[in-house]
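Down below is the structure, laid out as structure tokens.
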2 protein chains.
Amino acid sequence: MKLSTKGRYGVLAMVELALQYGQGPISIKEIAEKQSFSDSYMEQLFSALKRAGLVKSIRGARGGYILARKPDQIIVGDIIRSLEGPIELAQCITGSDCEKSPECLTKELWIDVMDSINQVIDHRTLQDLLDGKEA
Amino acid sequence: MKLSTKGRYGVLAMVELALQYGQGPISIKEIAEKQSFSDSYMEQLFSALKRAGLVKSIRGARGGYILARKPDQIIVGDIIRSLEGPIELAQCITGSDCEKSPECLTKELWIDVMDSINQVIDHRTLQDLLDGKEA
DNA sequence: AATAAATCCAAGCGGAATACTTGGATATAG
DNA sequence: CTATATCCAAGTATTCCGCTTGGATTTATT
């Protein structure tokens, strides 16, 4: 079980924005260079982050992105879900026909796993990451 | 973030074995039919489960698979990891070059998520699933 | 006004991984 | 000796991931 690059790159990119919070917009190019990501790929991630209301964009020359709120107001879980989609280990959880069997004995398990993941990522803000703080 | 079919099918198949524990071997065909899985695909999963020491096989006619131990002695986490590989959300965790940046501020996060997943799946046995018991 | 630097947007595309199939060889109950 | 099973190694089709391409639009700077 692995997270896609979207989630990993996304959180790292947001950390970069957090590190320079209050110092004006940062361009995708800057972030991509610092982390050696593809900048055209990063564009797509920021598009999703913007749609989720986590960043604001400033267009034109000298433009770039800034965090939509202070780093301690941005939940890591929101970043991850906006890029990866919901944490859903099996369609079990939302779907009606639980893995084709009505009396599915594993549903509870997947829900518990999902809850525990959300528990971790929803109790941590960007500021916490900067501080190296445990939840 | 999603589990592959291996993990999901695998746990369900093991639940089937647990439900009929002590009543002799069950063939792949039986399980595959009950859950409407492909039986040739299931073969591969059971091969991995056997390698992990979670099931025993009886070859030949009237053969099949049985749990290697009592249902309360089989950890769900072992089933999942034997099929999915280790729960490693980013190479961060084991790899040396943490996402290309030495001072990676996200490493702790991924480790905490991983730990919380393992916490859930390692504190639950097949018997717990049968009982519908929370961990 | 012109230019350069940036976001925006939609589509395409190659490679890898997933989910599954195929074709056998071997073992064993009846 | 035959049917039923596990065993095993490839092959394959499809999907998804990670990334590229080709623009259009916006805006600071000169």
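Protein chains get the first letters and strands the later ones, always in sequence-line order, with residue 1 at the start of each.
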query = Is Asp122(B) salt-bridged to Arg81(B), going by a charged N under 4.0 Å from an acidic O?
reply = yes
Output the rounded distance in Å from [atom1] ([X]) to [atom2] ([N]).
X        : N       : atom1 : atom2 : result
Ile26(B) : dT6(D)  : CD1   : P     : 11 Å
Arg51(A) : dA10(C) : CZ    : C1'   : 12 Å
Tyr41(B) : dA9(D)  : OH    : P     : 18 Å
Leu45(B) : dC7(D)  : CG    : C1'   : 14 Å
Phe37(A) : dT20(D) : CZ    : P     : 13 Å
Arg62(B) : dT26(C) : CZ    : P     : 25 Å
Lys6(A)  : dC16(D) : NZ    : P     : 11 Å
Ile28(A) : dC9(C)  : CD1   : C1'   : 12 Å

Is any side-chain N or O of [X] closer than 4.0 Å to OP1 or OP2 of [N]?
X        : N       : result
Ser4(B)  : dA19(C) : yes
Ser57(B) : dA5(D)  : no
Lys50(A) : dT7(C)  : no
Lys56(B) : dT6(D)  : no
Ser38(A) : dT20(D) : yes
Tyr9(A)  : dC19(D) : yes
Ser40(A) : dC19(D) : no

Kindly say whether, by distance alone, the side chain of [X] makes a donor-acceptor pair under 3.5 Å with the base of [N]?
X        : N       : value
Glu43(A) : dT20(D) : no
Gln44(B) : dT21(C) : yes
Arg59(B) : dT6(D)  : yes

request  = Specify the residue among Gly60(A) and Asp39(A) whose closest nucleotide of DNA chain D lies further upstream toward the 5′ end.
outcome  = Asp39(A)
query = Which nucleotide, dA6(C), dA28(D), dT21(D), lies nearest any side-chain atom of Ala61(A)?
reply =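 Nearest listed nucleotide: dA28(D).
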request  = Kindly point out which of dA28(D), dA6(C), dG18(D) is positioned nearest to the side chain of Thr5(A)?
outcome  = dG18(D)
ask   = Just checking Phe46(A): base, sugar-phosphate only, or nothing, at a heavy-atom cut-off of under 4.0 Å?
value = nothing
message = For Gly7(B), is there any backbone N or O sitting under 3.5 Å from a side-chain donor or acceptor partner on Glu84(B)?
response = yes
ask   = Side chain of Thr125(B), backbone of Gln127(B): donor and acceptor closer than 3.5 Å?
value =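 Answer holds: yes.
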message = Quick check on DNA chain C: between Gly63(A) and Ser47(A), whose nearest nucleotide comes earlier from the 5' end?
response =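 Its nucleotide being nearer the 5' end, the pick is Gly63(A).
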inquiry  = Give me the atom names and distance for the closest heavy-atom approach of Leu54(A) to Arg69(A).
reply    =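 Looking at all heavy atoms of both residues, the shortest contact is CD2-NH2, 3.7 Å.
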query = Would Tyr65(A) and Ser27(A) count as having a side-chain donor-acceptor pair, cut-off 3.5 Å?
reply =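 No, no side-chain donor-acceptor contact under 3.5 Å.
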request  = Mind checking the CG-OG1 spacing from Leu89(B) to Thr106(B)? Nearest 0.5 Å is all I need.
outcome  =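 Interatomic distance, Leu89(B) CG to Thr106(B) OG1, rounded to 0.5 Å: 11.0 Å.
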